[in-house]
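Lettering of chains follows the sequences in order, A, B, ..., and the numbering in each one begins at 1.
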Protein chains: 2
Amino acid sequence: MTNITFKQLRYFESLARHTHFGRAADACAISQPALSMQIKELEDELGTTLIERGARQIRLTNFGEAFALRVRDILRSVDELGELARASQDGLVGRLRIGIIPTIAPYLLPTIIGKLNHVYKDLDIHVRETLTPKLIQELADGRIDTAIVALPVSEPSFTEVALFEENFMLVRSSKDANKPVPESELLHEMRLLLLEEGHCFRDQALSFCGVPSARPWEGLDGSSLSTLVQMVGVGLGVTLLPEMAVAVETRSASVSVASFKEPQPSRTIGMIWRKTSPLAAQLLRLSELIGQSAIVLRNEHEQASRN
Amino acid sequence: MTNITFKQLRYFESLARHTHFGRAADACAISQPALSMQIKELEDELGTTLIERGARQIRLTNFGEAFALRVRDILRSVDELGELARASQDGLVGRLRIGIIPTIAPYLLPTIIGKLNHVYKDLDIHVRETLTPKLIQELADGRIDTAIVALPVSEPSFTEVALFEENFMLVRSSKDANKPVPESELLHEMRLLLLEEGHCFRDQALSFCGVPSARPWEGLDGSSLSTLVQMVGVGLGVTLLPEMAVAVETRSASVSVASFKEPQPSRTIGMIWRKTSPLAAQLLRLSELIGQSAIVLRNEHEQASRN
DNA sequence: ATTTGTCATAAGCTGTACTTATTCCTGCGA
DNA sequence: TCGCAGGAATAAGTACAGCTTATGACAAAT
């Protein structure tokens with residue numbers, strides 16, 4: 001096993017540069033004997049002579065020359081380690097793996113990825129889009145760094161931060177546009193179209209209608225919000241959409257959108273990460289960034305819908 | 001200034017491999033707290049977290065992963081330093097700069113370079129052919145590693161080792177082939193052709209004739225032994241040749257070669273190097289190699305001349 | 001012969017990096 | 001709900017690596 005130390009290499013490099021023990025030692029801010037001893041030790045460990053000691057002048061041996069070249073490479077690499085660390089000090093660096101649920105992903109992702117790429121240059125973002133339980137598992141396992149889901153998650157090992165509230169909107173056929181908005185209790189008497197089992201948004205909607213999610217549901221299940229809206233458009237029933245999805249999903253369908261009366265149904269979207277994550281500080285800042293983006297996004301949509 | 005130590009990198013690498021402080025410490029043959037402390041110190045020096053400490057399991061941070069990659073590179077490089085040293089232990093390595101005087105070079109070099117290249121693979125040989133005083137200076141200055149010259153040199157800072165003795169042969173016109181070989185004292189009454197000032201062989205020849213080298217000399221000077229032989233061939237006079245040069249130089253000239261009577265004139269060819277040279281051991285072995293080659297060479301020539 | 005430049009050696013001190021023992025935290029099982 | 005156990009951090013003590021200053025050795029220059 002090599003027991004070479006960096007100190008020895010640094011000292012040697014200095015000596016190679018100065019070809020003078022005294023001056024090399026000065027350059028290293030140590031005494032001449034200290035440097036002599038380290039060099040000698042280095043030579044012992046290598047089992048080779050690096051320096052040819054003349055009376056009036058020293059000189060590198062052939063091997064010393066070759067050695068010095070490699071040593072300089074190594075020392076540079078080590079210095080780069082420090083720089084690498086400093087570069088990653090503030091600001092995410094490298095890879096950030098974000099998990100996100102399907103009922104948010106299409107609407108929020110374009111915005112936040114654009115923003116992230118802008119703010120954190122040289123950050124490569126991996127996105128994992130899947131259902132909440134899987135995200136939680138993957139977060140716990142360290143396969144992702146953070147996740148954007150509906151709160152609460154109530155995992156004690158996670159930190160959760162709210163990003164924004166989003167209301168649920170009623171989506172019905174455009175010919176029903178002028179009908180009054182039904183009370184929540186009446187919804188399950190209408191034909192309410194929902195996402196397949198497993199989506200948290202399904203459970204949230206059912207809960208709003210006063211139906212326990214465990215109870216079997218005879219409605220039609222869609223695999224995406226987009227599908228649901230299309231189904232509504234052709235008169236198969238009504239559905240709920242998260243506020244954020246409205247602008248995108250109802251653009252090309254003949255449906256009408258209405259707000260519920262207060263208290264409006266809503267959910268809290270938040271970000272979660274392991275409490276032990278060293279990215280905690282950055283993730284918190286990131287969450288603020290995303291929260292703002294989301295609010296800006298909503299305002300834009302509201303303005304658009306008023307026009 | 002980075003104060004990262006090598007130990008820290010080794011420990012970290014082990015930890016990265018095992019993702020477990022205890023086992024990593026075992027692998028490094030130290031106690032778990034020792035490893036913990038070094039890792040912590042490394043993190044402090046970097047100002048970054050490398051390890052995400054979970055309660056039941058630890059994991060590398062993103063930066064830790066990136067760091068580990070580079071660290072492995074560095075560790076490998078350092079290990080290679082040791083191997084490099086070991087490889088250069090016995091046997092010359094890299095560059096060997098040999099100085100050699102012109103009256104030996106053409107006859108000895110082909111043999112020894114061939115031999116050296118064969119014995120020491122991966123040795124690149126530089127040859128400096130010039131007069132003895134320059135060689136001595138260059139050797140003292142470290143611009144060459146060793147020199148092959150006529151002994152003695154009598155520099156106290158040099159080691160000198162005899163390689164072989166070589167006799168001087170009389171070279172005269174082929175029409176004089178049957179004349180008796182003159183005594184050395186008679187030589188200076190004949191037209192003795194010699195090399196230019198500065199060649200040690202000139203001084204050796206003059207000394208043999210009983211003429212101090214300082215004394216001005218009215219003979220014709222040639223710039224190489226080859227020239228001298230040509231001059232002898234066309235009847236301009238006689239000359240002396242080192243034994244070793246005979247075979248090559250008299251091949252294509254109509255001259256006759258004769259030995260002197262005992263005590264034959266001769267010179268000792270030897271190798272010199274700085275006493276401080278770390279190559280001393282190898283150079284000694286090298287000198288034995290060259291000495292043998294020279295003797296073999298001479299025997300071949302003697303056999304050839306008998307036929 | 002003396003001085004000077006330069007590196008090696010000596011002796012003593014200090015702080016680093018180990019050791020073992022203990023504490024703290026958290027997840028797990030009764 | 002409470003120990004209990006796994007696993008890392010902390011604490012206290014110790015040994016030695018590596019520094020310092022002082023001195024020695026040696027060759028070169030004067």
According to ring-ring contact (aromatic ring centres under 6.0 Å, His included), who are the partners of Phe158(A), at least two apart in sequence or on a separate chain? none

Rounded to whole Å, the CD1-P distance (Ile30(A) to dT21(D)) equals 12 Å

Can Glu43(A) and Thr49(A) be counted as having a side-chain donor-acceptor contact under 3.5 angstrom? no

Between His18(B) (NE2) and dA8(D) (P), how many Å, whole number? 12 Å

Partners meeting salt bridge (charged side-chain N to carboxylate O under 4.0 Å, His left out) with Glu129(B) (sequence neighbours left out): none

Considering all heavy atoms, the nearest Ala27(B)-Ser14(B) contact: CB-OG, 3.7 Å

Donor + acceptor pair across side chains of Gln32(B), Ser36(B) (<3.5 Å): yes

5'-most to 3'-most nt of DNA chain C touching chain B (<4.0 Å, heavy-atom partner on protein side) reads dA17(C) to dT26(C)

Salt bridge (charged side-chain N to carboxylate O under 4.0 Å, His left out) partners for Arg143(B), two or more places apart: Glu138(B), Asp141(B)

Glu160(A)/Arg274(A) ion pair, N-O < 4.0 Å: no

Rounded to whole Å, please give me the gap between CZ in Phe6(B) and C1' in dA17(D). 17 Å

Heavy atoms of Glu52(B) and Thr61(B) approach each other most closely as N-CG2, 4.0 Å

Between Lys7(A) and Ser157(B), just flag the one whose closest nucleotide in DNA chain D comes earlier from the 5' side. Lys7(A)

Expected output is a numbered-order residue list: members of residues 31-44 of chain B with a heavy atom under 4.0 Å from any atom of DNA chain C. What is it? Ser31(B), Pro33(B), Ala34(B), Met37(B), Gln38(B), Glu41(B)

Roughly how many Å is it from CG in Asp26(B) to C1' in dG6(D), rounded to a whole number? 15 Å

Pairwise ring-ring contact (aromatic ring centres under 6.0 Å, His included) hits with a residue in residues 15-69 of chain B, at least two apart: Phe12(B)-Phe67(B), Phe63(B)-Phe67(B)

Using atom NZ of Lys275(B) as one end and atom P of dC26(D) as the other, report the distance to the nearest whole Å. 13 Å

Nearest whole angstrom, please: distance from the C1' of dG18(D) to the CG of Leu9(A). 16 Å

Using whole Å, what does the distance between atom P of nucleotide dG18(D) and atom CG of Asn3(B) come to? 13 Å

Among the candidates dA9(D), dC19(D), dG18(D), find the nucleotide nearest to the side-chain atoms of Arg53(B). dA9(D)

